[in-house]
A.B. asks: 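Okay, here's the structure, questions in a sec.
Both backbone and side-chain heavy atoms feed into the values below; hydrogens, waters and symmetry mates do not.
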Amino acid sequence: VPLLHLDAYFEARMDGVLAEGLVERFAAAVVVAEWAERMGAWLPADRLELEIGGAGERRRLRLAATGPRSGCRLEALRAAPQARKSEGKA
């Protein structure tokens, strides 16, 4: 699965890149977008959001699903550590 990294801090430039066809690649890729809130209508309605919080050496990760497809993926991610423990791989 291709991994796309986007930095949407510069909104005007990002709109051009997305309008030129990059948005069509979202369905077949994992997209990591910094400043995603600046992407507005370009964001898929069904997505998995990762929020990184905290400071220094202590970080907090929060995952949130925004639709049914991302909800299934989030459930699979949450189940993965338990499956690894039951297989003796953790």
Side-chain angles (χ1 to χ4, degrees):
V1 175
L3 174 66
L4 301 175
H5 171 255
L6 303 174
D7 185 342
Y9 185 77
F10 297 103
E11 251 175 290
R13 188 174 65 197
M14 181 57 43
D15 279 344
V17 170
L18 292 167
E20 290 174 10
L22 182 60
V23 76
E24 282 91 29
R25 296 180 59 197
F26 285 6
V30 172
V31 180
V32 177
E34 296 179 67
W35 300 94
E37 65 275 10
R38 293 175 176 238
M39 293 175 64
W42 292 109
L43 283 174
D46 190 351
R47 62 187 178 273
L48 189 59
E49 296 182 344
L50 169 65
E51 179 183 313
I52 303 172
E57 293 183 24
R58 301 214 33 121
R59 297 287 182 190
R60 182 184 70 253
L61 301 178
R62 184 185 70 81
L63 287 169
T66 64
R69 183 174 177 226
S70 58
C72 289
R73 292 189 177 190
L74 182 54
E75 286 178 28
L77 285 170
R78 288 182 173 153
Q82 294 301 323
R84 291 186 63 142
K85 283 181 186 177
S86 67
E87 293 171 2
K89 296 181 181 177

A.B. asks: Connecting only ILVMFWY residues whose side-chain heavy atoms lie within less than 4.5 Å of each other, what is the rest of Leu74's hydrophobic cluster?
C.D. replies: Leu48, Leu50, Ile52, Leu61, Leu63, Leu77
A.B. asks: Got a sec: does the CZ of Arg58 have more than 12 other heavy atoms crowding it under 6.0 Å?
C.D. replies: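 Counting other residues, nucleotides and ligands, CZ of Arg58 stays at 12 neighbours or fewer.
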A.B. asks: Could you give all pairs that pass the salt bridge (Lys or Arg N to Asp or Glu O under 4.0 Å) test and reach residues 35-48, with sequence neighbours left out?
C.D. replies: Arg47-Glu49
A.B. asks: Is any side-chain heavy atom of Leu6 closer than 4.5 Å to a side-chain heavy atom of Phe26?
C.D. replies: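 The answer is yes; the side chains approach within 4.5 Å.
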A.B. asks: Apart from Phe10 itself, what residues make up its hydrophobic cluster when side-chain heavy atoms of I, L, V, M, F, W and Y under 4.5 Å apart count as a link, directly or indirectly?
C.D. replies: Tyr9, Trp35
A.B. asks: For the residue pair Pro2 and Ala28, what are the closest heavy atoms and their distance?
C.D. replies: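 Between these two residues, the closest heavy atoms are CD-O, 3.2 Å.
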A.B. asks: What residues join Val1 in its hydrophobic cluster, counting side-chain heavy atom gaps under 4.5 Å, either direct or through other members?
C.D. replies: Leu3, Val30, Val32
A.B. asks: Using every non-hydrogen atom in the two residues, find where Met39 and Ala8 come nearest and quote the distance to one decimal.
C.D. replies: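 Reported closest heavy-atom pair: CG-CB, 3.6 Å.
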A.B. asks: List in chain and number order the residues that pass side-chain contact (heavy atoms from CB on, under 4.5 Å) with Arg62, two or more places apart in sequence or in another chain; answer none if no residue qualifies.
C.D. replies: Glu51, Ala64
A.B. asks: Suppose we screen for side-chain contact (heavy atoms from CB on, under 4.5 Å). Which residues come up paired with Glu20, at least two apart in sequence or across chains?
C.D. replies: none
